[in-house]
There are 2 protein chains.
Amino acid sequence: MIAARNNLRTLAEYRQRRTACSDCAVFCMCFPDSLDTETALNGDETNLRQRLLNKGQHLVLDGQRLRSLYVVRSGSLKTYDLSSDGDALITGFYFPGEVVGIDALHSEKHSGHVVALEDTRYCDIPVKTFNRLQKKRGELQDLTQRLLCESILETRKLLLTTRHLSAQARLANFLLDISGRLVQEQDGSCEFHLSIDRHDIANYLGLTIGTVSRAFSSFRNDGLLTASGKNIRLNDQQALLSIATNIVER
Amino acid sequence: MIAARNNLRTLAEYRQRRTACSDCAVFCMCFPDSLDTETALNGDETNLRQRLLNKGQHLVLDGQRLRSLYVVRSGSLKTYDLSSDGDALITGFYFPGEVVGIDALHSEKHSGHVVALEDTRYCDIPVKTFNRLQKKRGELQDLTQRLLCESILETRKLLLTTRHLSAQARLANFLLDISGRLVQEQDGSCEFHLSIDRHDIANYLGLTIGTVSRAFSSFRNDGLLTASGKNIRLNDQQALLSIATNIVER
DNA sequence: CGGCCTCTTGAATTATCTCAAATAATGTGG
DNA sequence: CCACATTATTTGAGATAATTCAAGAGGCCG
C-alpha cells in the first residue's frame with residue numbers, strides 16, 4: 001500500500017506532517033523500487049534526492065520546462081508572476097510538506113517564478129518517474145487528481161476573500177491560513193516565524209505595505225497578536241476568525 | 001480516436017466550438033459504446049441525455065453529491081457560494097462548451113450552487129460512466145488533468161487581476177474574458193448578449209453596482225463600447241486590453 | 001398605461017493609497 | 001562586539017478611488 005494514500009486525506013492534514021518521508025504526500029515517488037514491499041519504510045528519513053536552496057535563489061523560472069516536482073522539506077518559497085510592467089505579482093507560498101509543480105503537469109511548463117524566502121531544503125521528484133508510476137498505479141492518479149482539485153478550491157477561496165474583504169479581514173485570513181500551515185497543534189494561541197515580509201504580504205493581499213502595517217498595529221493594540229518583526233504570536237485566534245469572516249456584501 | 005483529444009488543445013479553443021457533439025470536450029462520454037469505432041460520429045447532433053433548465057432554476061446545490069458532470073449546450077450558468085452572513089459570493093460563470101463539476105471529481109461533492117441565468121440546455125454525463133471510462137482510457141485521464149490544470153491557471157489569473165486592478169481595469173478584463181468565451185470570430189469589434197446583470201458583475205469583480213455602472217458609462221463616453229442593457233458591443237478591444245492590463249504596483 | 005425592476009447618476013462619506021518622515025531591525029566591516 | 005550603513009517597519013497627514021445612500025431614468029410586462 002502507498003503511504004500517502006492511507007495516511008493523508010486532506011491538504012491541511014499532510015501539511016501538518018513534515019520531516020518524515022513516510023508522511024510525504026508523494027512518498028511513493030521517492031521509493032519507486034519499493035512500492036510493493038513493506039521495506040520502503042526502512043528507507044525513511046534517508047533524504048533521497050534532497051537539495052538545498054539559499055535565500056533568494058530561484059527554484060523555477062517562469063515558462064521553464066517541467067523537469068521535476070518539488071516538495072518543500074524545510075524553509076519556504078514564494079511564487080510570483082511578472083506583470084507587463086515588470087511588477088511582481090505574488091501568487092502563493094509553499095511551506096514544508098507542500099508540492100510545487102502539480103499545476104504544470106499537463107502543460108509541462110511552469111507558470112511563474114519560484115524563489116526561496118529563506119534557506120530551504122526540498123526534494124526533487126523527476127516528472128518522468130512520476131508519470132511512469134502514474135500510468136502503473138491508479139492510486140497515484142487519484143492523488144494527483146486530489147491535489148489538483150484541492151488546489152482549485154483553495155485558489156477559489158482565496159479569490160473570494162480578497163475580492164470581498166476589508167484590509168483587516170484579509171490580513172486575519174492570511175495569518176490564520178499561514179499559521180494553520182506552519183503550526184502543528186492548533187490550540188488557542190500559536191507562535192511562528194513568518195518568513196514573508198510586509199511588502200510581500202501586501203502584494204499577496206492586494207494592499208499596500210502601509211495598510212498592512214496599520215492592520216498589524218490595530219490587531220496588536222487590541223491584543224489579538226504579538227508581532228515584533230517576523231516573530232508572530234496569535235493570542236486570540238477566535239477573534240481573528242470573526243474578523244476574517246466578516247464579509248462585505250456587494 | 002477520441003475527438004476531444006484530437007480537436008481541442010486549450011480551454012479557449014473548445015469554448016469557441018459549441019453545438020456539435022463531435023466538438024464537445026467530453027464527446028467520448030456521450031458515446032461510450034462507440035469509442036472504438038468511427039460510427040460514433042454518426043450519432044453527432046443527436047442531443048443524447050440533453051436536458052433543459054429554466055432561468056432561475058438550480059442545476060446543483062452546495063454540498064450535493066456529484067452524480068454527473070454537466071456540459072452547457074446553450075444559455076449560461078453562474079456558480080456561487082453563500083457566506084456565513086447568507087450573502088451570495090459569485091465564483092464563476094459557465095457558457096456553451098464548458099464543463100461543470102470537474103473540480104468536484106475527487107471529493108465527489110459539489111462546492112457551491114449552480115443556477116441558470118437564462119433558459120439553458122445542457123448535457124448530463126453520469127460520473128460513474130466517466131470514471132469507468134477514465135480507468136479504461138488514458139486519454140480521458142489526460143483530458144481531466146488538463147481541465148483541472150487549466151482551471152487552476154484561470155482561477156489564479158483571475159485572482160491576480162482582481163487583487164491588483166482598478167475598477168475600470170477589472171471590468172475591461174471581465175468583458176474581454178466573456179466576449180472571448182461567447183463570440184467565435186475575434187476581429188476588432190464584437191457584439192454579444194450578456195446574461196449577467198450589473199449586480200452579478202459587481203459581485204463577481206468585488207465592486208459595487210454603482211462602480212460597475214460608472215465604469216460602463218466611462219467606457220461608453222470614450223466610445224470603447226456600446227451597452228444598452230444586456231446588449232454589449234465592444235468597439236475597441238485594443239483600448240480595453242490596454243486598460244485591462246494596467247496593473248497597479250502594490 | 002402604470003408598476004416593477006434594473007440601471008444610471010449625484011453628493012457626501014469612508015477606506016485605502018500616496019508620499020514622507022521617524023523608528024526599528026538587520027547586516028557588514030573593522 | 002561595536003559603529004555604521006542598509007533595509008524593513010511603523011506612523012502621520014493629505015489625496016483619491018470606491019462606497020453608501022438616495023433620487024431619477026429607462027425598460028419590460030401584465
Side-chain angles (χ1 to χ4, degrees), chain A residues 54-56 78 87-88 90 117-119 161-175 193-222 224-232 243 246-250, chain B residues 54-56 78 87-88 90 117-119 161-175 193-222 224-232 243 246-250:
Chain A
N54 291 320
K55 178 175 177 171
K78 75 172 171 189
D87 304 324
I90 296 174
L117 291 172
E118 57 196 315
D119 291 353
T161 56
T162 47
R163 277 189 308 192
H164 294 270
L165 295 185
S166 69
Q168 289 198 10
R170 290 185 209 185
L171 182 60
N173 261 295
F174 173 80
L175 291 172
H193 176 84
L194 187 63
S195 57
I196 308 164
D197 68 20
R198 299 288 190 273
H199 189 274
D200 283 355
I201 296 175
N203 184 304
Y204 182 64
L205 297 178
L207 301 167
T208 53
I209 188 171
T211 306
V212 169
S213 188
R214 272 177 246 274
F216 263 112
S217 299
S218 164
F219 290 163
R220 202 182 292 123
N221 290 337
D222 295 346
L224 303 184
L225 53 72
T226 318
S228 64
K230 301 207 175 301
N231 294 310
I232 309 278
I243 293 173
N246 184 18
I247 289 176
V248 184
E249 162 77 274
R250 277 172 188 172
Chain B
N54 291 317
K55 177 175 178 173
K78 76 172 172 189
D87 303 324
I90 296 175
L117 290 173
E118 56 195 316
D119 290 353
T161 56
T162 48
R163 276 189 310 191
H164 294 271
L165 295 186
S166 69
Q168 290 198 6
R170 290 185 211 186
L171 182 60
N173 262 296
F174 173 78
L175 291 172
H193 176 83
L194 186 63
S195 58
I196 309 163
D197 68 20
R198 300 286 191 272
H199 189 274
D200 282 354
I201 296 175
N203 185 305
Y204 183 63
L205 296 178
L207 301 168
T208 54
I209 187 171
T211 307
V212 169
S213 189
R214 272 176 246 272
F216 263 111
S217 299
S218 164
F219 290 164
R220 203 181 292 124
N221 291 337
D222 295 346
L224 303 184
L225 53 74
T226 318
S228 65
K230 301 205 176 301
N231 293 310
I232 309 276
I243 293 174
N246 183 18
I247 289 176
V248 185
E249 161 78 277
R250 278 174 187 171

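Chain letters run A, B, ... following the sequence lines, proteins first and then strands; every chain starts at 1. Worth knowing before you read on, the calculation uses all heavy atoms, side chains too, and leaves out hydrogens, waters and symmetry mates.
The interatomic distance linking A/Asn54 (CG) with C/dG27 (P) rounds to 14 Å, in whole Å. Following rounding to the nearest Å, A/His164 (NE2) and D/dA18 (P) show an atom-to-atom distance of 15 Å. Protein atom CG of A/Asn231 is 17 Å distant from nucleotide atom P of D/dA8, rounded to whole Å. Here D/dA18 presents its C1' atom at 16 Å from CG of A/Leu165, a figure rounded to the nearest Å. Rounded to an integer number of Å, the gap from CD of B/Gln168 to P of D/dA18 is 8 Å. Taking atom CD1 of residue A/Ile243 and atom P of nucleotide C/dA15, one finds them 14 Å apart after rounding to whole Å. Rounded to a whole Å, the CG atom of A/Leu207 is 11 Å from the P atom of C/dT18. Atom NZ in A/Lys55 sits roughly 10 Å away from atom C1' in C/dG27 (whole-Å rounding).
Scanning both residues, A/Ala215 and A/Gln168, for their nearest heavy atoms gives CB-CG, 4.2 Å. Across all non-hydrogen atoms, the minimal contact from B/Leu205 to B/Arg170 is O-NH1, 2.8 Å. In this structure, A/Asp200 and A/Lys78 approach most closely via the heavy-atom pair OD2-NZ, 2.9 Å.
In this structure a side-chain-to-backbone donor-acceptor pair under 3.5 Å is missing from B/Ser218 to B/Arg214. Side-chain atoms of A/Asn221 come within 3.5 Å of backbone atoms of A/Ser217 as a donor-acceptor pair (strictly under, hydrogens ignored). Here the side chain of B/Asn203 pairs a donor or acceptor atom with the backbone of B/Ala88 at under 3.5 angstrom. Listed for the B/Asp222 side chain is no donor-acceptor partner under 3.5 Å among the backbone atoms of B/Leu224. Not a single donor-acceptor pair under 3.5 Å links the side chain of B/Arg198 to the backbone N or O of B/Val212.
Residues A/Ile196 and A/Tyr204 have side chains not in contact (no heavy-atom distance under 4.5 Å, counting atoms from C-beta outward). Between B/Arg163 and A/Leu207 there is no side-chain heavy-atom pair separated by less than 4.5 Å.
Comparing the helix axis at one end of the helix from C/dC1-D/dG30 to C/dG30-D/dC1 with that at the other, each defined from 5 consecutive pairs, gives an inter-axis angle of 40° (nearest 10°).
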What protein N or O atoms touch nucleotides 4-8 of chain C N or O atoms at under 3.5 angstrom, if any, and at what distances?
unit_1, atom_1, unit_2, atom_2, d
C/dC7, OP1, B/Arg198, N, 3.4
C/dC7, OP1, B/Lys230, NZ, 3.4
C/dC7, OP2, B/Arg198, N, 3.2
C/dT8, OP1, B/Arg198, NH2, 3.3
C/dT8, OP1, B/Arg220, NH2, 2.7
C/dT8, OP2, B/Arg198, NE, 2.8
C/dT8, OP2, B/Ser213, OG, 2.8
C/dT8, O5', B/Ser213, OG, 3.0

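Heavy atoms from other residues, nucleotides or ligands lying under 6.0 Å from NZ of B/Lys55 number 12 at most.
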Checklist outcome for this item: Reading nucleotides 24-30 of chain D from 5' to 3' and marking B where a protein heavy atom lies under 4.0 Å of the base, S where only the sugar-phosphate is that close, and - otherwise, the string is -------
